[in-house]
Amino acid sequence: MSMKFAQLSAASIPLHVISKPECESFLSGLPAASQNWVAAQGFTGSLGSFCALPNADGGISAVLVGYGDALGRERGRFHLGGVAANLPKGAYHIAQSPEGFDVEVEALGWLLAGYHFDKYRKQPASGAELVAPESVDVARIEAIATGEALTRDLINTPTSDMGPEQLQAAFFDLAKAHGAVATAIVGEDLLAQNFPMIHTVGRASAQEPRLLEMRWGTAGPKLTLVGKGVCFDTGGLNIKPGASMGLMKKDMGGSAAVLGLAQMIMSLKLPLQLRVLVPAVENSIDGSAFRPSDILMSRKGLTVEINNTDAEGRLVLADALALADEEETDLVISMATLTGAARVAVGPDLAPYFCGDLDTVAALENSAKRVADPVWRMPFHTPYEAMIEPGIADLDNAPSGGFAGSITAALFLRRFVTDAPRYAHFDIYGWQPTAAAARPKGGCGQGTRAILEALPAILKL
């Protein structure tokens with residue numbers, strides 16, 4: 001689908017975005033017939049409401065959009081996108097908006113509201129298009145929307161069509177589209193090239209495990225993105241209950257997020273050197289599946305005791321992060337649908353992240369607010385390191401006790417990034433559990449727009 005603005009048209013319909021306090025004043029300037037029509041529709045400027053004004057021919061002369069009492073982000077985001085999904089077919093332009101209206105965020109929300117996952121069933125396409133406001137960077141917003149659509153498509157596709165092989169194909173397609181170089185290490189070659197934990201986690205699947213790598217750009221600071229690509233997670237021999245397995249097609253949401261972010265970066269031609277690493281596996285069950293109490297050797301040389309085969313994401317990420325750490329880079333970011341503990345802590349809407357570099361933290365926090373992509377910093381609480389040290393091996397992949405699950409997982413990953421000057425880990429959900437403005441139920445990106453916005457400050461672009 002096209003994540004683009006409408007062509008400029010003299011026939012586009014004006015949108016008047018009105019806050020509730022200014023509604024009465026605005027309506028007083030309308031003709032009496034229009035005032036009566038608006039009153040009959042019950043429009044008062046409440047958040048998310050709209051009222052189409054008819055013209056003499058029975059068409060639409062204008063649309064009034066309510067922005068409520070609270071301007072800014074206190075009441076969520078993408079309010080205009082929520083309205084766009086319900087408007088009649090046609091081209092629209094923003095004729096006026098209240099103070100505090102973030103035109104870039106709302107314009108992006110409009111494009112995202114046009115997303116439909118229609119691979120398996122035809123979905124009614126929204127016919128409402130927005131003429132790009134003059135003040136926005138059209139190319140940037142369209143690139144962000146396209147990257148987000150890629151992330152959503154990858155997550156929404158079931159594992160029958162998005163196993164490790166198909167994820168590799170999507171990875172290579174993205175690289176080809178932007179002139180990047182992509183490679184893959186597959187199956188037994190993982191052992192030969194010292195990626196033992198990626199191989200171990202994925203060896204029970206009918207599709208061989210693999211490590212995907214993409215490089216783009218030849219000048220500028222170096223950014224390394226690492227995304228968890230567990231295309232389905234049965235839990236392994238510690239098998240998940242059926243209810244917990246239902247959404248496991250989204251367990252590759254970290255890889256989908258970094259590919260969406262890579263799409264944005266390459267489309268915008270940011271002046272940096274990008275490296276993307278995705279360990280792509282399926283955590284399945286057969287006679288070769290790894291077992292609780294097994295002790296694995298990692299690429300880093302650290303041994304890992306397996307206390308739960310359902311804590312596999314950190315294992316494949318560990319080998320990929322070790323590789324990332326072997327090469328000089330300015331910033332490493334990992335993204336993964338890693339722990340249920342993160343969801344318990346912050347719910348599905350916030351993207352929790354861990355980072356020890358305060359300059360990076362400040363840039364992420366400021367950027368997240370600017371682009372309405374909420375993140376929440378969690379602590380790399382070093383005193384909990386003892387919880388991931390089982391005694392029989394260097395590390396424990398699933399500490400007992402049930403406390404601080406997201407933190408101990410992040411601490412586990414941090415053990416594999418020892419040389420990079422800056423490291424941030426995002427423990428995302430990657431799924432919209434109920435439909436919201438510009439975010440249909442299903443796969444979604446989290447944290448990627450905040451990262452994109454923060455990169456110039458972090459990397460001094």
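These figures come from a predicted structure and were not determined experimentally.
No side-chain donor from either of N283 and T234 sits under 3.5 Å from a side-chain acceptor of the other. The closest side-chain donor-acceptor pair between Y423 and T360, if any, does not fall under 3.5 angstrom. Side-chain contact of D373 with T448: a donor-acceptor pair under 3.5 Å is absent, judged by distance alone. A side-chain donor-acceptor contact under 3.5 Å links R414 and T382.
Every residue two or more places apart in sequence or in another chain that forms a salt bridge (charged side-chain N to carboxylate O under 4.0 Å, His left out) with R215 is listed here: E213, E327. Residues satisfying the side chain to side chain donor-acceptor pair (under 3.5 Å) criterion with T146, sequence neighbours excluded, are absent altogether. Take T329 and apply the side chain to side chain donor-acceptor pair (under 3.5 Å) test, not counting sequence neighbours, and it matches T224.
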Exercise for review: Would you please test L274 and L225 for side chain to side chain contact (heavy atoms under 4.5 Å, CB included) and show each step?
Suggested key: CA-CA 8 Å; L274 175 66; L225 304 177; 3.8 Å; yes

Review point. Which is it for M266 and M214 under the side chain to side chain contact (heavy atoms under 4.5 Å, CB included) test, yes or no, and what are the steps along the way?
Key: CA-CA 12 Å; M266 293 187 292; M214 181 190 307; 3.9 Å; yes

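Ionic pairing of E385 and R415 is present here: one or more N-O contacts between side-chain nitrogen and carboxylate oxygen are shorter than 4.0 angstrom. R77 has a carboxylate O that lies under 4.0 Å from a charged side-chain N of D349, or vice versa, which qualifies the two as a salt bridge. A salt bridge between R140 and E104 is absent, with no side-chain N of the basic residue lying under 4.0 Å from a carboxylate O of the acidic one. Under a 4.0 Å N-O distance rule, the pair E453/K369 does not qualify as a salt bridge. Classification of E148 and R152 as a salt-bridged pair holds, one side-chain N sitting under 4.0 Å from a carboxylate O.
Taking 4.5 Å as the limit, every side-chain heavy atom of F354 sits out of range of all side-chain heavy atoms of L411. Using a 4.5 Å heavy-atom threshold, the side chains of F290 and E312 count as touching. You'll find the side chain of L452 reaches within 4.5 Å of the side chain of I265, heavy atoms only. Side-chain contact between P221 and L461 is present, with heavy atoms from C-beta onward closer than 4.5 Å. You'll find the side chain of M335 stays beyond 4.5 Å of the side chain of Q446, heavy atoms only. Looking only at side-chain heavy atoms (C-beta outward), V346 and Y429 stay at 4.5 Å or farther from each other.
The structure places CD1 of I185 at 6.5 Å from CG of L190, a figure rounded to the nearest 0.5 Å.
Between F416 and F412, a ring centre-to-centre spacing shorter than 6.0 Å is recorded.
Cation-pi contact between R439 and F78: absent, since separation from the ring centre below 6.0 Å together with deviation from the ring axis within 45° is not met.
Remark: the backbone N or O of V186 is not paired with any side-chain donor or acceptor of E208 at under 3.5 angstrom.
Within a 6.0 Å sphere centred on NZ of K119, other residues, nucleotides and ligands contribute more than 12 heavy atoms.
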